[in-house]
Peer 1: 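Could you have a look at this structure, given as structure tokens, before my questions?
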Amino acid sequence: MPSAPTASGARLIVRVAQQELRHAWRTRSTLLLGGILTALLLLAAITAHDRQLHEAAQRQRYQDLVGSQFASQPDRHPHRVSHYGYLLFRPVAPLSAFDSGVERFAGTSIFLEAHRQNTANFSAASQAGTERFGDLTPASVLQLFVPLFLLVTAGVSITREREAGTLALHLAQGVSWRALVAGKVSGIFLLVLLVTTPGLLATTWVVTRTQPLSEVAPRLLILAALHAVFWAAVATAATLVSARTRTSREALAITLGTWIALWILVPRLAPVAANAGFPLPSRAEFAERVEASVRALGDAHDPDDPAFARLRQETLAKHGVATVAELPFNYQGLVMQEGERHTAEAFQAHLDSLDAVRERQQMVLDLFGIASPLLATRSLSMATAGTDPAHLAEFERQAEAYRYDLIQRLNTLHMEQVASAQDRYGDVVNGAPSRQRIDQQFFASLPAFAWQAPSLGTMLARRARAGGVLLLVVTLVAIAFVRTTHPRGRRA
Amino acid sequence: MTWHQLTREWLLLRRQRVVWLGAPLVLLAGLLAIGNGHRVIERQREVLAEAEARQAAEHQAILRPQASAVAGDQLYYLAFHTVRTPSPWAPLALGQRDVHAFNLKVRIHALQGQLYDADLDNPLLTSFGTFDLAFVLVVIAPLFLIALAWNLRSGDEEQGTLPLLRLQAPSVVRLYAIRLVLRTGVVWATVLLLFGVSLPWLGLPVDQTLGRMVGVATLYLLGWSALAGLVATLRRPSEVNLLLLLGAWIVGTALGPAFVNVAAGRRYPLPEALELTVAQRQGYHGAWDEPLADVMEAFYRRYPEWRTAVVPTDRYSNGWYYAMQQRGDDQARAVAQRYREVMEAREVWSQSRLWWFPPAAVHARLNALARTDQAAYLRYLDSVAAYHEALKRHFFPVIFSEQRVSDVDWALAPRHAHRD
């Protein structure tokens, strides 16, 4: 019995695969389904790309506007500018036209100002009223509907022959179960590649039109490999179901039930479990904790605050002077700088605790991935496309780093450029009470925000657990394949 | 005759494995869904129940050490909680309540910078959608009906029992009609049972809204039943029937609404969301660079009753400060209005297009009945805006007469309450 892939075994696999393809070509319903998949893929690619371009252009326009407004602001007191702050618009990810991931559920703009870290606002989801059942993106077609096609086609691939009586013929001709299943899987895999090729080419063309190929190519290769593994696992599992069931009806009931359970129900239940197991605090609860911490630090706006009294003593001692007026810089600016350092730390500690909760929620979702390989595949796909939660967190991290640097630069200007004596509303400038204003050139020369896209390698490394889960599922399917098709284990 | 047929068909149906497999599964999913809806809304109710005590504690922490300070200075820090109480039916159809704010805090600063703060969530989890009874009804229940009715006629034909039935029954059409009615009845009873369970569980009132929800659910299942009957009359093989029904299910529940979403976003883009933040910020901060007299004049046009109040022109004062904050809202007024109008227009357009895809439309209708939809959120935002205005009017006397913290009866501040 040829159980190892010998030369004749490989020839048999090719023959079965060819027969499967020929059968699909003759069956109109398979072609019809394939045509629908292609159309969906094309439509998804075009609309998602259109949306990506539109979104990216819009955010860039406002980012430029904010940048030019910041650079051309009038002479101002530096702390005024700290409150004027900066607005950042989250850049659109390179492959968001392929997989929009969680982008539409995250805020698009974030306001940076002194003393506090704001969260991003204006998520697309909060502005659209319709129920979310997955966006129409090429990724959702490849991850939701192609598996359905595979489950239906592969699910009946052997039962069909059993019902027609050709299965016994195959086995009598010396085709082993292993070659039969392998041939069916290969044939169906090729079939799905054939029917999705136009759509996949269009998707590739669409996403490489606006991106440098060197940036996109490795991502596309990884996505191709990921989906190939996912599809192969699904096709193999469904073919094995077909091998073990008597009628096509029974096989369809199992495979369709599987799709409904693992592609529709589990993805809704997993977040419920994650939320129930590890709830996030409400915004009000969170704000209460942050404000309590910040209050404990003292008020940087109040130079007589007891918490800042020690700073004064230390500073006076360090410079060997008796009053803050004798210091070689504006003491008020130093107070702001110290205050900012402390509040930033307090905020960060609390935000880190939120991230810890979200990380646990992610872990729950990953564990559900063992049941539903869709979850693990989706997670890796988002990470590759640059649209997963880790990318959002990275944007928020860079935004905070920029905010902190910007505010501290302004506080340094406050220390060095604003005279202590004129650091109160003693003047009237342009008909308005004013503290000392400094030349707007100081603000125009402050660095602009530059988003550093994280490298693909580091972002994928963070999703190693999802990769492990997918590997586990693939291994389980492989074991099932070996056991089900063991030469002594199966009969017609 | 018909009664006899009905009972006989019922006895036959009772023997089907799919009934005893499907009904418990739908029931289980439904119970989990009601439980989840209950958990989500109960959690929000807890947060809202604490709002008053939380606000009192926050205000006390700010005001107590500052009894002799200028009240207007301290108002800068005071945030007032708004309370969006969910409707009793919210747990059944969570709608957008998981991504919309329900406990916004406002200070008497420019409103537009505060109105759109979302509550904390995890986009990873929200991206999967909510799990509630509406989802089970709209998405899962039709699958049960499809499982029961996909081979209504074709099954007999393929098993060769159709000629036999022709001999036995006076009318095969009536026989299949009875079978379809019974199958629909099984699904309907399951759904009804879930509604029934939710009554004591969620403490729901038996009223018009509940009646409408059950009515919508009934019509919805009848629609699917009619479709299954229609497919059966095509006299195609069972597999084709199944693909047709599943195709309708996929288009109605997933593809259709996704198309409408994409088209709505394309037709009604919302650059105003970004524009709004920019305009509000420019308006407020620009006011610091304008002559005080101009800022105050703009303020007086809106609040003429304060024209006679004394605002010093050579030093900082809170009257001037809040007039500048007002400037932020005034400058953003037009774009805020446009933002609102586009959001509403998009919603109206989406809702009308959703009727092409009845499952999505039914889902939207249930959310509207539970008042967890976009429209309910916008009504809440309106109430927050009105509350913000009331707060300003309440505190302007405190600000313009430069009262001390200890002079103010803080308990008199207006409270916010909004019921979905």
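Remember, predicted model here, so these are calculated numbers, not experimental data. Hydrogens, waters and symmetry mates play no part in the numbers below; they use all other heavy atoms, side chains included. Chain letters run A, B, ... following the sequence lines, proteins first, then strands; residues in each count from 1.
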Peer 1: Out of curiosity, B/Asp294 CG to A/Asn430 CG, how far, rounded to the nearest 0.5 Å?
Peer 2: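 So the CG of B/Asp294 and the CG of A/Asn430 are separated by 8.5 Å.
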
Peer 1: Less than 4.0 Å between a side-chain N and a carboxylate O, is that true for A/Arg80 and B/Asp289?
Peer 2: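 No, B/Asp289 and A/Arg80 are not salt-bridged.
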
Peer 1: What distance do B/Leu143 atom CG and A/Leu256 atom CG have between them, rounded to the nearest 0.5 Å?
Peer 2: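 It comes to 9.5 Å.
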
Peer 1: How far does CZ of A/Phe145 sit from CG of B/Leu255, to the nearest 0.5 angstrom?
Peer 2: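 Taking CZ in A/Phe145 and CG in B/Leu255, the distance rounds to 4.0 Å.
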
Peer 1: In plain terms, say whether A/Glu285 and B/Arg43 are close enough for a salt bridge, that is, a side-chain N and a carboxylate O under 4.0 Å apart.
Peer 2: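 Answer for the salt bridge query: yes.
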
Peer 1: What are the two closest non-hydrogen atoms of B/Ile62 and A/Arg295, and how far apart are they?
Peer 2: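 Smallest heavy-atom distance, with atoms named: CG1-NH1, 3.9 Å.
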
Peer 1: Would you please say whether a donor-acceptor pair under 3.5 Å links the side chains of B/Arg54 and A/Ser282?
Peer 2: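 On atom types as modelled, these side chains do not qualify, holding no pair under 3.5 Å.
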
Peer 1: Under the rule for side-chain hydrogen bond (donor to acceptor under 3.5 Å, both in side chains), what residues qualify as partners of A/His350, not counting sequence neighbours?
Peer 2: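 For A/His350 the side-chain hydrogen bond (donor to acceptor under 3.5 Å, both in side chains) partners, ignoring immediate neighbours, are A/Ser293.
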
Peer 1: Tell me the closest heavy-atom pair linking B/Ser127 and A/Val102, and the distance in Å.
Peer 2: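 Taking B/Ser127 first and A/Val102 second, the nearest heavy atoms are OG-CG1, 3.9 Å.
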
Peer 1: In Å and rounded to the nearest 0.5 Å, what is the CZ to CG distance from A/Arg378 to B/Leu124?
Peer 2: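 These two atoms lie 6.5 Å from each other.
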
Peer 1: Could you grab the distance from atom CZ of A/Arg268 to atom CG of B/Asn36, nearest 0.5 Å is fine?
Peer 2: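 These two atoms lie 11.0 Å from each other.
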
Peer 1: Can you name the closest pair of heavy atoms from A/Pro433 and B/Leu292 and give their distance?
Peer 2: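 In terms of heavy atoms, the two residues are closest at CD-CD1, 3.5 Å.
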
Peer 1: With respect to chain A, which residue among B/Leu32, B/Asp121, B/Val40 yields the maximal number of heavy-atom pairs within a distance under 4.5 Å?
Peer 2: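 The candidate making the most pairs under 4.5 Å is B/Asp121.
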
Peer 1: Just how far is it from atom CZ of A/Phe89 to atom CG of B/Leu274, taken to the nearest 0.5 Å?
Peer 2: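 Reported to 0.5 Å precision, the distance equals 5.0 Å.
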
